[in-house]
Amino acid sequence: MTEQTNGDDAATTAATIVERQGRVMVLTMTDPATRNALSVPMMARARDALDEAAHDHGVGAIVLTGAGGAFSSGGHLTNLYHHGSKSRSENRDGIERFHGWVRAMRECPKPILAAVEGPAAGAGFSLALACDLIVAAEDASFLTAYVKVGLTSDGGASASLARALPPQLYAELMLTGGPVAASRLHAAGVVNRVTAPGRALTEAIAWAETIAEGPAGAMGRAKKLMELAYGSFATQLARESDLFVEALHHGEAKEGITAFFDKRPPVFHKR
């Protein structure tokens with residue numbers, strides 16, 4: 001889910017830039033027009049890079065970030081609005097592209113750090129949560145956002161937040177959509193480090209460089225153990241996919257997304 005819209009034109013501008021800084025691979029989501037809303041080319045390049053990193057002994061850690069002072073505004077509401085008229089199987093295919101990226105992150109044997117500036121909204125928040133560690137600027141904001149437009153979470157956010165948060169804060173995020181400040185998530189243990197604005201990427205790379213010098217095999221096995229300790233993340237992704245498609249075909253989503261475009265509060269119940 002997203003705060004921004006750009007429609008199909010995003011495919012021509014959106015990209016994931018892949019760079020190497022020593023033993024650290026840096027993945028930068030970039031789409032200036034949408035504050036780095038997710039697109040198929042962006043997701044495809046990121047998945048390829050994760051596969052490259054997993055098999056490259058020269059990569060010891062990965063940093064995921066966004067360009068232009070934003071992490072990611074999530075998925076495209078324009079596309080989701082039109083998906084409401086498509087079949088449920090077509091909708092499921094679209095969600096699966098995103099979930100494939102999330103699974104690749106969870107299964108990658110290399111530690112992944114999120115460097116968050118500005119908003120991490122909807123699917124963007126899910127991506128940050130799919131990383132092993134989060135470094136955030138003190139003015140970063142985190143929004144599950146989905147419920148604001150009549151949708152439910154995807155990308156594993158419901159599982160990630162349930163693992164990390166007290167029940168009441170978990171409920172607050174899921175039922176109100178946020179936003180929640182980086183400082184509050186830091187206090188709750190979701191964000192590992194908080195930095196001055198504009199310093200999240202620098203701090204994340206420095207930390208990743210230190211982590212990258214550790215034993216790669218042991219860290220890969222540790223990631224497997226961490227995943228197994230919490231139960232099946234993949235099962236929760238499947239549940240999210242089912243309920244997201246159900247929500248997308250409900251009148252609430254049509255009203256919520258239309259209200260967003262009309263720049264008015266949604267009316268989910270007639271008075």
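These figures come from a predicted structure and were not determined experimentally. Any value given below was found using the heavy atoms of this structure, including those in side chains, with hydrogens, waters and symmetry copies removed.
The backbone N or O of Met174 lies less than 3.5 Å from no partner atom in the side chain of Tyr146, so there is not a single donor-acceptor pair. A distance-only check finds no donor-acceptor pair linking the side chain of His250 to the backbone of Glu246 [under 3.5 Å]. Distance alone, capped at 3.5 Å, is enough to place a donor-acceptor pair between the Asn36 side chain and the Ala67 backbone. A donor-acceptor distance shorter than 3.5 angstrom exists from the side chain of Ser126 to the backbone of Asp154, with no hydrogens or angles considered. A donor-acceptor distance shorter than 3.5 angstrom exists from the side chain of Lys110 to the backbone of Ala53, with no hydrogens or angles considered. Listed for the Glu255 side chain is no donor-acceptor partner under 3.5 Å among the backbone atoms of Phe268. Side-chain N or O atoms of Ser241 include none that pairs as donor or acceptor with a backbone N or O of Leu237 at under 3.5 Å. Side-chain N or O atoms of Glu209 include none that pairs as donor or acceptor with a backbone N or O of Val24 at under 3.5 Å. Without hydrogens or angle criteria, Arg193 side chain to Val135 main chain gives no donor-acceptor distance under 3.5 Å. Side-chain atoms of Thr65 never come within 3.5 Å of backbone atoms of Thr28 as a donor-acceptor pair (strictly under, hydrogens ignored).
A 4.5 Å side-chain heavy-atom check between Ser158 and Tyr170 finds at least one atom pair inside the cut-off. Contact check for Arg239 versus Asp242: no side-chain heavy atoms found under the 4.5 Å cut-off. Side-chain contact between Gln21 and Val63: absent, with no pair of heavy atoms (C-beta onward) separated by less than 4.5 Å. Looking at Val245 and Ile95, their side chains come closer than 4.5 Å, going by heavy atoms from C-beta outward. For the pair Leu38 and Leu127, the minimum side-chain heavy-atom distance is below 4.5 Å.
In terms of heavy-atom proximity, Ala61 sits nearest to Ala208 at CB-O, 3.7 Å. For the pair Asp31 and Ala14, the tightest heavy-atom approach, listed with the atom from each and the gap, is OD2-CB, 3.6 Å. Nearest heavy-atom pair across Ser153 and Glu240 is OG-OE2, 3.0 Å. Taking both residues in full, the closest heavy atoms of Ile211 and Pro111 are given as CG2-CG, 3.8 Å, listed atom of the first, atom of the second, then distance. Of all non-hydrogen atoms in Arg35 and Pro119, the two that sit nearest each other are NH2-CD, 3.6 Å. Minimum heavy-atom separation, Glu213 to Arg23: OE2-CD, 3.4 Å.
From Arg106, atom CZ reaches atom CD1 of Ile112 across 9.0 Å, with rounding to the nearest 0.5 Å. Atoms CG and CG, from Leu50 and Leu27 in turn, are 6.0 Å apart once rounded to the nearest 0.5 Å. Here CE of Met42 is found 6.5 Å from OG1 of Thr34. Values are rounded to the nearest 0.5 Å. For the atom pair CG of Leu161 and CG of Leu169, the computed distance is 8.0 Å after rounding to the nearest 0.5 Å. Distance check: Arg97 CZ to Arg47 CZ gives 11.0 Å after rounding to the nearest 0.5 Å. To the nearest 0.5 Å, atom CZ of residue Arg264 and atom OG1 of residue Thr258 are 7.0 Å apart.
Tested against Met105 for a side chain to side chain contact (heavy atoms under 4.5 Å, CB included), the candidates Asp132, Leu129, Leu64 yield a single pass: Leu64. Across Val191, Ile134, Thr195, a single residue satisfies side chain to side chain contact (heavy atoms under 4.5 Å, CB included) together with Val116, and that is Ile134.
Hydrophobic cluster membership is shared by Val180 and Phe71, with clusters built from Ile, Leu, Val, Met, Phe, Trp and Tyr side chains linked at under 4.5 angstrom. Using a 4.5 Å cut-off between side-chain heavy atoms of Ile, Leu, Val, Met, Phe, Trp and Tyr, with links allowed through other members, Phe261 and Val149 fall into the same hydrophobic cluster. At a threshold of 4.5 Å between side-chain heavy atoms, the hydrophobic network of Ile, Leu, Val, Met, Phe, Trp and Tyr places Val26 and Ile62 in two separate groups. Using a 4.5 Å cut-off between side-chain heavy atoms of Ile, Leu, Val, Met, Phe, Trp and Tyr, with links allowed through other members, Phe233 and Leu243 fall into different hydrophobic clusters. Under the 4.5 Å side-chain heavy-atom criterion for ILVMFWY residues, a single connected hydrophobic cluster contains both Phe260 and Leu248.
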- Item | Worked check of side-chain contact (heavy atoms from CB on, under 4.5 Å) between Arg20 and Val59 | CA-CA 8 Å; Arg20 288 282 292 272; Val59 176; 3.5 Å; yes
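Listed by first and then second residue, the ring pair (Phe, Tyr, Trp, His ring centres under 6.0 Å) pairs that reach into residues 93-138 are Phe125-Phe142, sequence neighbours excluded.
Glu172 and Arg184 are joined by a salt bridge, as a carboxylate oxygen and a charged side-chain nitrogen come within less than 4.0 angstrom of each other. With respect to the salt-bridge test (charged N to carboxylate O, under 4.0 angstrom), the residues Arg45 and Glu52 qualify.
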